[in-house]
Amino acid sequence: MSGATAPDVPELTLRAVTVRFAGLLALDAVGFTVAPGTIHAVIGPNGAGKSTCFNVLSGVYRAERGSVRLGAHDLTRLPPHRIAGLGLARTFQNIVLTRGTVADNLMLGRHVLTRSGFAATALRLPRVVREQRRHRERAREIAEFLHLGAVFDTSVALLPYGMRKRVEMARALCMEPRVLLLDEPVAGMNAEERAETAEAIASIRASLGISIVLVEHDMGLVMRIADAVTVLDFGRRIASGTPAEVRRDPAVIRAYLGAGDEGGEGGEHDPGGDDGRSESPEESR
Amino acid sequence: MEPGALLVEDLEVVYGRSVRALRGVSLDVPGNGVVAVLGANGAGKSTLLRAVSGTLSLHRGSIAGGSIRYDGARLGGRDPAAIVRAGVVQVPEGRRVFAHLTVAENLRAGTLGRRGRTARTRAEHDRVLDLFPILAERREQRAGLLSGGEQQMLAIGRALMAAPRLLLLDEPSLGLAPRMVGRIAGVIREIAARGTAVLLVEQNAAIALDLAEKAYVLDVGEVRLAGASADLARTDEVRRLYLGEAVEPEGAPAPVRTAPRRVLGRWTG
Amino acid sequence: STKGDDDRKDKQSGGVKSGPGVTDTTITLGALTDLSGPYAPLGKSIVNAQQLYVDEINAQGGICGRKLAITVRDHGYDVQKAVAAYTEIKGGVAGFPQVIGSAVVTALQDSLKQDRILTFPQAWPATLLNRPEIQIVGTTYDIDMINGMDFLAQAAQLKSGDKVGHVYFEGEYGENALAGAKFAAGKLGVQIVEQKIKATDTDLTAQIAALRGAGVKAILISAGPTQTATLVGFGAVAGLRVPVLTSAPGFHPQVMASAAAGALEQLLYVVSAAPAMGADIPAVKKLAADYKAKYPDGTLDQGVISGYNAMKIFGEDLKAACAAKDLSHAGIIAAHRQQKQMDTGLGTPEDFSDVTKPATYKSYILKPSKAAPGSLVVAKDAYEVPAAREYKLPAAG
Amino acid sequence: MSAPVSRAAESIPARHAAAVRPGPRRWFGPGAVVVVVGVLLVLPFYVTAFWLQTGLFAMAAAIGAIGLNLLSGTTGQLSLGHAFFLAFGAYGYVWLAGDSGRVGVRHLSGAGLPPLLALVLAVLLTGVVGGLFSPISGRLRGMYLGVATLALVFIGHHVMLNAASVTGGFNGRSVPSMGVGDLTLTDGRPDGLEVLGIPFGRLERLWYFVLILVLVAALTARNLLRGRPGRALGAVRDSEIAAAVMGVAPARYRSAAFVVSSMYAGLAGALIALIFNRVVPDYFGLALSIDYLAMIVIGGLGSVTGAVVGAAFVTMLPQVLSKYADALPLVVAPGSPESGVGPGEAARYLYGAAIVLVLLFAPGGLVGLLRGRPGGGLGGPGGRGEGLGRLGRTQGSIRIGSKE
Amino acid sequence: MTKLAEIVLNGFALGSVYALIALGFVVIFKASGVINFAHASLLLLGGFTVAKLHDDLGFTLALLVAVGVTAAVAGLVEMVFIRGLGRTEVHTLTILTIGVDILLTTELTRRIGSDVLSLGDPWQAGVRDWGGVHVADARIACIVVAVLLIGTFFAAFRFTAWGLSMRAAAEDREAAALMGVRLGRVQLIAWCVAGALAAVAAVFLAAFPSAGLDRSTGQIALAAFPAAILGGMDSAAGALLGSLLVGLTSALTAGYQSDLSWLGANLGDVAPYVVMLLVLIWRPTGLLGSKERVRV
Ligand SMILES: Nc1ncnc2c1ncn2[C@@H]1O[C@H](COP(=O)(O)OP(=O)(O)OP(=O)(O)O)[C@@H](O)[C@H]1O
Ligand SMILES: Nc1ncnc2c1ncn2[C@@H]1O[C@H](COP(=O)(O)OP(=O)(O)OP(=O)(O)O)[C@@H](O)[C@H]1O
Ligand SMILES: [Mg+2]
Ligand SMILES: [Mg+2]
């Protein structure tokens with residue numbers, strides 16, 4: 001895999017970010033840095049705060065304390081649409097697509113890259129037409145890259161779950177992001193599809209040179225493609241490092257992976273972890 | 001026919017006027033035991049479950065041929081509530097918790113279709129909270145604010161509250177952490193042991209094949225393979241497509257693909 | 001039908017110049033009325049009464065050798081429908097003895113002027129004066145109020161410095177009445193306490209509290225029948241037992257079925273250019289009898305008398321126009337404007353020659369009486385307050 | 001065997017072929033538009049004043065409906081305040097083009113601008129007023145916005161009655177006629193104009209003027225919907241958060257939709273004033289707002305053609321029914337002594353029944369029917385009050401509920 | 001001082017009439033997500049039925065029959081028009097209710113004609129006089145009934161299986177169906193309840209000090225809109241509070257209009273809307289409405 005980091009991809013840094021919901025400490029002074037052009041995985045048990053972390057990064061939630069920086073820009077207090085303008089794109093854990101065809105959704109992704117305003121579009125000025133055509137071509141290119149070319153003009157409502165997930169990813173890619181946040185990109189896919197998607201992610205990083213932050217419960221995938229891993233539990237960072245390091249970390253095994261493999265009954269044999277789960281929110285209250 | 005068994009014969013399902021999502025699918029689920037259905041995206045797995053639970057019409061779909069019989073009676077054409085009353089309960093794809101209801105209310109909603117609603121409800125309730133302690137902590141939180149995995153637990157818990165005789169699970173492991181996946185597997189095994197039949201649609205084939213006695217592989221609306229799980233797990237196709245070449249203890253190195261994949265060039269606009 | 005069928009042009013036939021709506025055999029009149037909207041009860045009475053006149057006159061051989069006919073269009077108090085209906089029928093009618101709805105009349109006034117079609121609106125604001133083609137039959141609201149105040153002054157023994165409440169609808173009806181009331185108040189040295197309401201207001205408790213708080217000795221109300229009933233009914237039991245006076249649109253026989261009936265009989269007066277349906281006047285009695293005979297289910301409200309009266313005047317105008325051998329739009333207006341002493345027997349004689357003035361300055365005072373036909377009897381015969389002639393009419397300025 | 005992923009992907013369009021391919025059923029395409037416009041162009045030569053008038057109302061309403069559709073259909077913002085903006089456009093034009101002077105006892109003010117300029121300014125001003133409402137239009141959603149906009153109608157009515165020197169109060173004002181140079185859209189100058197032997201008066205001249213504007217309005221709206229702003233508005237409707245994350249500023253786009261829709265309403269209002277010849281406050285009531293909502297739903301939400309068809313349905317049907325109701329059996333003529341259903345009432349019954357039937361059999365609106373897709377509505381599962389992945393085939397929906 | 005007290009009290013009383021009407025809107029809104037424009041005609045139907053029957057049956061029985069009739073008609077509307085369209089979106093249904101309203105209203109107003117109907121209610125023209133402060137007996141009854149019904153409804157909505165079914169169905173029909181909720185029945189009941197409420201509200205709408213029921217009575221229904229919104233649609237206290245506030249504002253501005261004439265005469269009709277706008281700018285989901293919170 002060749003392809004260097006794109007020159008303008010900045011570093012993404014979270015510093016001591018704290019988020020609280022009505023007494024629940026969803027993120028507790030969490031910090032990590034995504035080096036330019038790397039794939040950084042964020043993992044952790046359900047409810048650990050991974051999606052919350054994404055929500056803070058993309059401006060959907062506001063951090064109570066701490067800061068988020070993208071290169072020279074401070075994202076902490078910016079509204080989502082401004083952050084999007086700075087080149088940060090994301091997908092959602094629960095698919096959020098808009099009505100219309102795959103193409104419509106992808107073209108929405110091009111919003112920040114296009115300029116046509118109300119007046120110009122209403123009058124259908126030549127430059128609007130040109131812009132539209134150019135960006136549609138690129139959207140198709142991206143769709144094809146994610147094997148969505150054949151459904152480009154199909155209504156997303158008709159697509160099965162796994163394919164809708166890919167539409168989301170394509171839409172985020174359409175923003176030509178410098179940092180791409182993927183929340184469980186392979187949920188609902190079978191092994192073969194997962195492998196495909198994993199490969200696509202790796203290929204995106206390789207060919208575009210952008211940073212990717214990834215939340216995923218498929219440990220196999222994380223191990224395979226991540227450069228660095230941050231592990232959250234109860235809103236706190238409990239480990240970080242390379243995939244291999246993290247995987248051996250006893251705290252991670254206890255809190256997240258369980259004793260056995262994922263098909264086994266590890267959870268059943270480890271009540272200790274459960275107690276920990278139920279106590280912690282009490283502490284934070 | 002065995003009591004509590006589900007028998008699907010030559011099922012044809014169409015969406016709208018022209019989209020044929022299932023073609024001549026036949027499958028049976030014994031009165032107790034776990035049956036798994038595997039398949040790629042768009043193979044028709046969710047469609048199959050919708051057909052059984054009677055919710056096709058809510059998707060503009062309809063049964064165009066074949067039959068679905070449960071416990072000796074035909075299910076086709078009955079409304080979803082009646083099917084729930086007959087003991088068939090589905091956990092829908094994508095969680096679908098009632099976002100604006102609290103966690104407690106969501107669980108209570110699970111009992112809405114039950115006939116006798118009092119005594120056993122309590123027990124079920126305790127059991128669900130026991131399984132998913134996080135739900136007890138979040139009793140009064142709006143379900144829509146839960147994390148993805150928590151919502152998945154709620155969706156499963158809600159279905160268990162209905163005390164089903166046949167449980168249809170559409171990807172129960174979706175979005176769950178590995179440890180939680182293990183626990184769900186335990187739950188499924190346990191309810192099966194208590195005499196509930198389970199029809200399991202699952203992408204995590206390792207678990208599915210481990211839990212189920214019998215499995216079907218759907219492909220573009222047709223049954224491609226069927227048989228005992230253990231046998232299926234040994235077939236090349238299942239190994240490659242659903243188990244990722246080898247039975248994958250998480251983290252095994254990816255198989256190197258030979259086919260070169262498309263690359264995406266940089267945007268130079 | 002295709003374009004150009006409308007005979008908009010004046011023609012000559014049988015020595016009589018004719019215009020739109022007039023053929024050799026028929027004179028067609030138009031009615032833009034409300035039979036399905038809020039003013040449907042009024043519309044129905046007027047349509048019936050006017051049809052009654054047409055039937056009578058046709059039985060006598062018609063006018064100018066021609067039968068009368070009315071083209072009725074129901075606009076349901078929808079301005080847009082009314083304008084469309086007007087456009088539809090204006091080329092085929094000789095005049096409009098009925099147009100209901102102030103909003104409709106105001107929306108049409110420019111077109112009426114342009115098309116010069118004689119029109120009798122069933123609304124009486126003085127702002128419609130000064131237009132040759134529009135004729136308010138009877139008094140205007142302001143003149144009614146001036147006359148009515150004079151009556152109240154005696155009934156409530158008003159002294160200089162007393163307060164009189166005036167509850168009125170926003171819009172022409174209320175505001176024109178208010179102008180008259182203010183003028184009269186100035187003459188009497190009393191003070192008007194204003195309470196403006198909307199047609200949809202049915203709860204007047206706050207207004208009553210305010211009027212009682214102000215210590216009014218009498219009340220004028222220029223609103224609808226239900227508002228009058230509420231005001232009188234609740235006022236009577238809430239410490240506001242004072243005489244109340246309203247104009248014709250403020251009363252309808254049906255309110256005598258409400259819980260306020262008793263109070264209405266005791267406290268309410270109605271000022272009107274038309275006598276009561278229950279008046280002891282031969283023409284009125286005959287009308288009441290004929291109407292009941294033809295429409296046994298009909299209500300004998302004031303719409304019957306004013307509708308019939310308007311139609312009768314229109315009939316007289318047509319007769320005069322026939323005599324002048326000109327049944328064109330302009331001819332009918334000219335004939336109408338020459339009537340200086342029109343007495344239909346259904347009220348006071350009227351003078352239509354001065355477009356700047358109401359046709360009459362005389363009003364009756366009527367009183368509710370459950371037993372009488374139309375639930376109204378005459379309390380005071382038609383009279384005129386001399387001071388009213390000094391009053392500066394709004395449109396005349 | 002090819003990879004399952006791509007195979008599944010290829011199988012889906014194949015399955016949906018009928019839904020995607022423009023089949024013979026979708027005849028309501030550009031061809032139909034050309035035919036309709038052609039008919040409209042020659043109509044003034046054949047029909048009577050009544051039909052011209054009715055058609056003019058329908059065309060003006062179409063412009064207003066197109067605007068409301070952008071707001072309610074595409075952006076999902078329920079508005080019951082459309083009548084206010086129609087009124088603002090109407091009065092704005094009348095004031096800008098009108099002269100100052102006394103009428104009766106009243107003094108009326110006016111800017112005395114050339115009519116065409118006044119029309120343009122009225123439209124722009126209505127947009128500005130729509131913009132002033134942005135603290136509310138940007139923040140509120142669903143039913144709450146609906147009722148907040150309802151307030152505009154009542155406040156507007158209050159102002160129309162009380163600002164008498166501008167509006168003429170209850171009596172309203174006459175409308176200065178439109179005209180460019182020597183050609184006025186009245187029966188006058190140039191006098192006695194005839195084209196092909198047909199007198200070319202006010203209605204005929206207005207007809208072509210309004211027709212041109214309808215085409216312009218429809219075209220611009222279509223461009224908007226298919227372009228970048230349209231997609232952004234749709235995204236705001238379907239998921240505010242997703243839209244924001246895609247770089248769309250929701251509040252700004254919601255306000256912008258409000259402004260644009262106000263401008264369409266302003267134009268429609270000014271044209272309605274021209275057609276009426278007089279503006280009166282009572283016309284611009286809540287019922288009018290509801291009529292416009294009915295137009296866009298009956299026509300088919302989210303589509304420009306739908307708005308036009310709906311406008312024609314809602315404005316013309318009652319008129320046509322009233323005109324022909326007396327020909328119906330069982331209907332009793334007004335003034336006849338029998339009691340029974342009068343023509344006006346019969347027309348109301350039929351109109352009510354028509355609304356119900358249309359929506360029962362074409363829930364997606366009349367355009368759905370024209371395109372051979374009576375289903376319309378949400379193609380996706382579930383239905384109401386849902387946001388995630390439950391998506392539809394039609395373009396639009398109004399968010400009435402407060403649920404995301 | 002008695003003036004103020006009387007205006008305030010009567011304002012509250014008027015508000016309670018609005019509250020009863022608003023409740024009818026809220027029930028259907030919660031069940032079907034529809035703004036039921038046909039509610040106005042249901043009010044008219046309820047009132048009309050009582051008016052026609054009370055002479056023969058007595059008031060109580062007539063009211064019971066009217067409640068039954070309006071509930072049945074509302075239920076019929078649901079079964080014939082709304083249910084079949086369960087899959088379509090709410091705005092279609094909303095406009096459909098306009099069609100239904102036109103049909104019902106035309107028929108009823110045709111029957112009512114010019115009549116002002118008395119409902120034969122037991123309170124008649126009775127008035128309480130508390131040291132010069134007058135309130136109609138019927139209005140006091142209305143306050144009591146409104147508080148009771150609103151309380152009952154919201155309790156049922158919160159705690160009963162029916163209420164839960166309704167909320168679940170309103171949120172996600174498919175998921176609710178999968179829980180065994182009988183979508184048709186739940187919605188049917190809601191419409192019937194709203195219909196029954198309309199009959200009760202009509203009684204107070206037409207009772208003293210109103211003159212009676214006439215063809216335009218139903219139109220008041222729309223005045224209850226801001227009442228429902230102002231308080232926030234999802235709380236009992238909010239519904240009451242909003243309605244009382246609307247009643248109070250219109251009464252105060254009407255009663256003191258001579259002191260407010262610089263704002264243009266007759267502010268009474270506009271004032272509730274102005275208040276509502278201000279409240280909504282401050283709290284976009286009403287006074288007590290729960291804050292809209294979503295996550296992704
Ligand atoms: N808006 C909110 N209001 C209240 N609580 C919230 C909100 N968003 C998240 N939470 C809570 O914060 C915790 C962290 O949620 P988050 O979605 O970040 O978890 P996650 O790590 O993404 O878990 P999963 O893997 O299950 O998706 C959860 O317990 C969740 O219930
Ligand atoms: N509402 C619908 N209308 C039309 N076609 C549909 C609809 N829902 C699903 N389909 C089509 O039916 C086929 C089967 O879809 P289904 O959702 O059953 O797949 P699945 O096996 O569950 O896939 P996944 O693993 O992604 O959930 C797909 O081709 C899909 O496009
Ligand atoms: Mg998450
Ligand atoms: Mg599926």
Side-chain angles (χ1 to χ4, degrees), chain A residues 58-60 79-85 89-90 92 94-101 104-105 107-118 120-124 128 131-132 147-164 171-172 175 189-190 192-193 196-197, chain D residues 3-6 8-16 19-20 216 219-232 234-253 256-257 259-260 302 378-381 387-397:
Chain A
S58 56
V60 176
H81 62 271
R82 297 280 309 283
I83 294 178
R90 70 169 285 186
F92 299 92
N94 294 307
I95 302 169
V96 188
L97 293 172
T98 59
R99 249 164 268 209
T101 62
D104 291 336
N105 273 277
M107 285 303 282
L108 177 64
R110 307 299 291 179
H111 186 86
V112 285
L113 300 169
T114 44
R115 286 286 153 272
S116 318
F118 277 85
T121 312
L123 299 174
R124 212 169 150 72
V128 175
E131 183 183 84
Q132 180 114 345
H147 292 299
L148 291 168
V151 292
F152 195 60
D153 287 311
T154 306
S155 168
V156 289
L158 308 179
L159 300 181
Y161 191 91
M163 211 169 273
R164 299 222 294 251
R171 184 179 65 183
M175 293 170 69
M189 297 183 181
N190 67 25
E192 170 77 7
E193 292 157 346
E196 282 257 351
T197 309
Chain D
V5 171
S6 34
E10 276 141 27
S11 71
I12 285 165
R15 291 183 197 182
H16 292 294
V20 180
V216 169
L219 227 66
T220 48
R222 204 187 69 133
N223 290 342
L224 273 182
L225 282 180
R226 298 194 172 173
R228 177 174 178 265
R231 276 190 301 269
V236 169
R237 170 198 61 208
D238 288 342
S239 166
E240 196 176 323
I241 294 181
V245 166
M246 293 299 130
V248 180
R252 196 159 73 222
Y253 268 86
V259 170
V260 173
L378 270 184
L388 293 181
R390 276 143 253 181
L391 311 159
R393 261 181 283 170
T394 49
Q395 294 246 316
S397 76

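All chains are named by letter (A, B, ...) in the order of the sequence lines, taking the proteins before the strands, and each is independently numbered beginning at 1.
With chain A as the partner, the residue from D:Gly230, D:Ala232, D:Pro229 showing the most heavy-atom pairs under 4.5 Å is D:Pro229. Heavy-atom pairs under 4.5 Å with chain D were tallied for A:Ser116, A:Gly117, A:Ala120; the largest tally goes to A:Ser116.
Two residues are said to be in side-chain contact when any heavy atoms from C-beta on lie closer than 4.5 Å; A:Phe92 and D:Ile241 meet this criterion. Between A:Arg99 and D:Arg237, some side-chain heavy-atom pair lies under the 4.5 Å cut-off.
The heavy-atom pair separating A:Leu108 from D:Ala235 by the smallest distance is CD2-CB, 3.4 Å. The nearest pair of heavy atoms linking A:Gly109 to D:Met246 is CA-SD, 4.1 Å. Here the closest heavy-atom approach between residue D:Asn223 and residue A:Ala122 is recorded as ND2-O, 2.8 Å. Closest approach of A:Ala84 to D:Ala244, counting heavy atoms only: CB-O, 4.2 Å. In terms of heavy-atom proximity, D:Pro250 sits nearest to A:His81 at CD-ND1, 4.4 Å. Residues A:Arg90 and D:Val245 share a closest heavy-atom pair of CG-CG1, 3.3 Å.
Counting only distance, with no hydrogens or angles, the side chain of D:Arg228 and the backbone of A:His111 share a donor-acceptor pair below 3.5 Å.
Only the side chain of A:Met175 comes within contact range of chain D, with heavy atoms under 4.5 Å apart. Heavy-atom distances place no part of A:Ile83 under 4.5 Å from chain D, backbone and side chain included. In this structure, chain A has a heavy atom under 4.5 Å from the side chain of D:Val260, while its backbone stays farther away. Residue contact with chain D, scored on non-hydrogen atoms closer than 4.5 Å, is absent for A:Arg82. For a residue to count as touching a neighbouring chain, one of its non-hydrogen atoms must lie under 4.5 Å from one of that chain's; by this rule D:Arg226 touches chain A with the backbone only.
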